[in-house]
Amino acid sequence: MKLKLYPFLTGPRLYPIGLRLSPVILFFSLSLHLSAQQFNNPVIPGDFADPTVLRIGNRYYACGTSSEWAPHYPVFESEDLINWNYIGPAFTTKPEWTKASFWAPELYMLNGNIYLYYTARRASDGVSYIGVATTDDIRKGFRDHGCLIELGTEAIDAFIFADEGKLYITWKAYGLDPRPIELLCSELSPDGLELVGEPFTLLKDDERIGMEGQYIYKRGDYYYILYSIRGCCGAKSNYAVSVARSKSFRGPYEKYEGNPVLQGDGKDVLSCGHGTAVETPDGKMFYLFHAYLKEKGFYNGRQAFLKELAVNDDDWPYFITGKHASFQEPMPFGNITQKGIADFEERFEGDCFRPEWTWNFTFSDIRATVKNKMLFLTGTPKTDNKYGTTLCLRTLKPDYEISSEIKDLPHIFSGLTLYGDKDNLILFGKENGNIVLKRVQKGTETVLYQKTEPGNIHLKIIVSDGCHASFFLSTDRDYWLPLPAAVQNCDVSYLPPWDRVFRPGLIHIGDESVPAEFTYCRLYYK
């Protein structure tokens, strides 16, 4: 099989006539030149599953799964596919027809507007279906148009494709039924808001190994479907990407004998998949997908990786640096400097908190206000939630520390948390004049430390290797006193839900009329 070759480097470096360079200088010059041509994955660090990417002019926009965290569907912007900035959520409040589980968004440009096709559980019955929303300015969020696809026991993972003047939507069907999964397709109305005609099948999971997260494109004579196989989520996931092709959009599709074409590397990357590709102005294609890292990197969730996609001389797609997800890849453009991960500090200035904060909306209605350089946090817990209201942050590295000043207030617990869900969390704060450290595991609460300490206090949690927590207190933020050794290096690997990771943050428990008060919050990376 012959492969089409693509140059990764620019041409030879020219030096003035008469200038002689030693072999050592030449070596370091070449090394710097090679280094300058590489970028590091993940390009969007932190929990950002099922990414979709869209180019508008010379800017790129990515949106990912938010699951049970609000606000819903984080949106990032980039000028180079490497450095991404968070610009806000697609929805600040959940659409009226939805209940929870905001998965697998898909961005599409149509008639001068940006469309968002997304999966969510329907409020009336909890079944996952596909909705659609639009905007003329992605920074201002989306206006929802309701549920678009409500077929069968589940319809998820939308992807939009235009062919011969018609618009189509594809999705994963029958994933909860005792039959093979299928990728179904239906024509869409010209405005993209209604289904036209009867759905038809593009591809079936005859191997019974899983099939979802499809991306469809055409090159030359062939239509290609990249799709994800096997298990998507958790510490034992084995997600990978396969491909099929056809000379007709409606099929039949031939599956590649060399599948999968993208997978974990068996060493550092656990699994990867569910992405979409984008074409750059110079005609290259880059696939943005999520990947779990192994060991401590797992605790930052499914992070966004980037890899260049091409087609070989046998008309099959391949990734130019190989079939394994990797940390280093060739730069998509020249003259790019990849920025590092920045620390987070919130001093609650102005009249609102920073947009990076998230909260688990399924367990509490949050009420958070900023006034006089303070955050006032309270809320109304839902159902059987005993552990109040949280305000949390996505972590971008597995080693970090979070700290804040905790006010001593009556009738409430206020402090720091490592939050998986309402039944799995760590609590470190002030309660009834005491400093208290609690572990909640599968709903069972254990007090790990308690000491009477009236007044306000600064508390800090240091997380190492993604899953070990140590605890400190201070009266002045200059000298930090560790809690006893018996409660240090606490194993918190039990916290992550199956499709997410835990997040550090602030918490209020108790009397809703007495908000927790915070003067700052710092999240520093190591």
Side-chain angles (χ1 to χ4, degrees), residues 3-15 25-46 48 51-64 75-87 107 215 217 219 226 241 261-265 267-269 272-291 293 297 300 302-312 317-342 396-397 525:
L3 300 183
K4 296 178 182 178
L5 300 179
Y6 293 81
F8 294 164
L9 305 177
T10 58
R13 183 167 294 183
L14 301 178
Y15 296 94
I25 293 176
L26 283 170
F27 172 80
F28 280 106
S29 175
L30 180 59
S31 297
L32 289 172
H33 185 54
L34 287 168
S35 176
Q37 302 299 313
Q38 303 287 317
F39 70 87
N40 295 319
N41 275 316
V43 290
I44 305 178
F48 191 72
T52 175
V53 60
L54 174 69
R55 178 169 70 90
I56 303 176
N58 290 320
R59 291 183 180 272
Y60 301 87
Y61 297 91
C63 183
V75 179
F76 286 75
E77 181 184 54
S78 175
E79 295 180 350
D80 53 27
L81 288 172
I82 304 304
N83 298 294
W84 293 86
N85 297 311
Y86 178 62
I87 61 173
L107 295 171
Y215 167 72
Y217 71 111
R219 282 292 182 274
L226 292 178
V241 177
V261 293
L262 180 63
Q263 60 187 19
D265 62 5
K267 178 183 177 183
D268 299 309
V269 181
C272 60
H274 200 135
T276 58
V278 65
E279 186 172 344
T280 60
D282 59 358
K284 293 181 180 179
M285 289 190 69
F286 289 88
Y287 187 64
L288 187 72
F289 60 99
H290 74 237
L293 303 184
N300 289 118
R302 293 173 285 174
Q303 306 182 73
F305 275 49
L306 188 73
K307 201 170 177 72
E308 188 174 349
L309 178 66
V311 176
N312 65 31
Y318 75 103
F319 292 91
I320 65 169
T321 54
K323 68 187 298 181
H324 296 114
S326 55
F327 288 118
Q328 285 200 323
E329 294 283 337
M331 279 288 187
F333 312 106
N335 300 317
I336 299 175
T337 299
Q338 188 172 18
K339 299 175 183 178
I341 291 174
L396 311 183
K397 288 183 177 181
Y525 295 101

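Positions are given from 1 along the sequence.
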Under the ring pair (Phe, Tyr, Trp, His ring centres under 6.0 Å) rule, collect the residues that match up with F286, sequence neighbours excluded.
none
Qualifying residues under ring pair (Phe, Tyr, Trp, His ring centres under 6.0 Å), relative to Y215, sequence neighbours excluded
F159, Y217
Hits for side-chain contact (heavy atoms from CB on, under 4.5 Å) against N41, two or more places apart or cross-chain, chain-then-number order -> F39, V43, F305, L306, E329
Going by the rule side-chain hydrogen bond (donor to acceptor under 3.5 Å, both in side chains), which residues pair with T52 if we only count those two or more places apart in sequence or in a different chain?
E106
Tell me every residue that passes ring pair (Phe, Tyr, Trp, His ring centres under 6.0 Å) with F76, counting only those two or more places apart in sequence or in another chain.
F48, Y86
So, using side-chain hydrogen bond (donor to acceptor under 3.5 Å, both in side chains) as the criterion, who are the partners of Q338 when residues are at least two apart?
none
List in chain and number order the residues that pass ring pair (Phe, Tyr, Trp, His ring centres under 6.0 Å) with H274, two or more places apart in sequence or in another chain; answer none if no residue qualifies.
none
Qualifying residues under side-chain contact (heavy atoms from CB on, under 4.5 Å), relative to N85, sequence neighbours excluded
none
Where the side chain of Q303 meets the backbone of G46, is there a donor-acceptor pair that is under 3.5 Å apart?
yes
Partners passing side-chain contact (heavy atoms from CB on, under 4.5 Å) against D265 (at least two apart in sequence or in another chain)
K267, D268, V269, H324
Under the side-chain contact (heavy atoms from CB on, under 4.5 Å) test, residues paired with E79 that sit two or more places apart:
R59
side-chain hydrogen bond (donor to acceptor under 3.5 Å, both in side chains) partners of N335, counting only residues at least two apart:
none
Got more than 12 heavy atoms from elsewhere within 6.0 Å of CG, N58?
no
Pairing residues for Y61 by the side-chain hydrogen bond (donor to acceptor under 3.5 Å, both in side chains) criterion, not counting sequence neighbours
E77
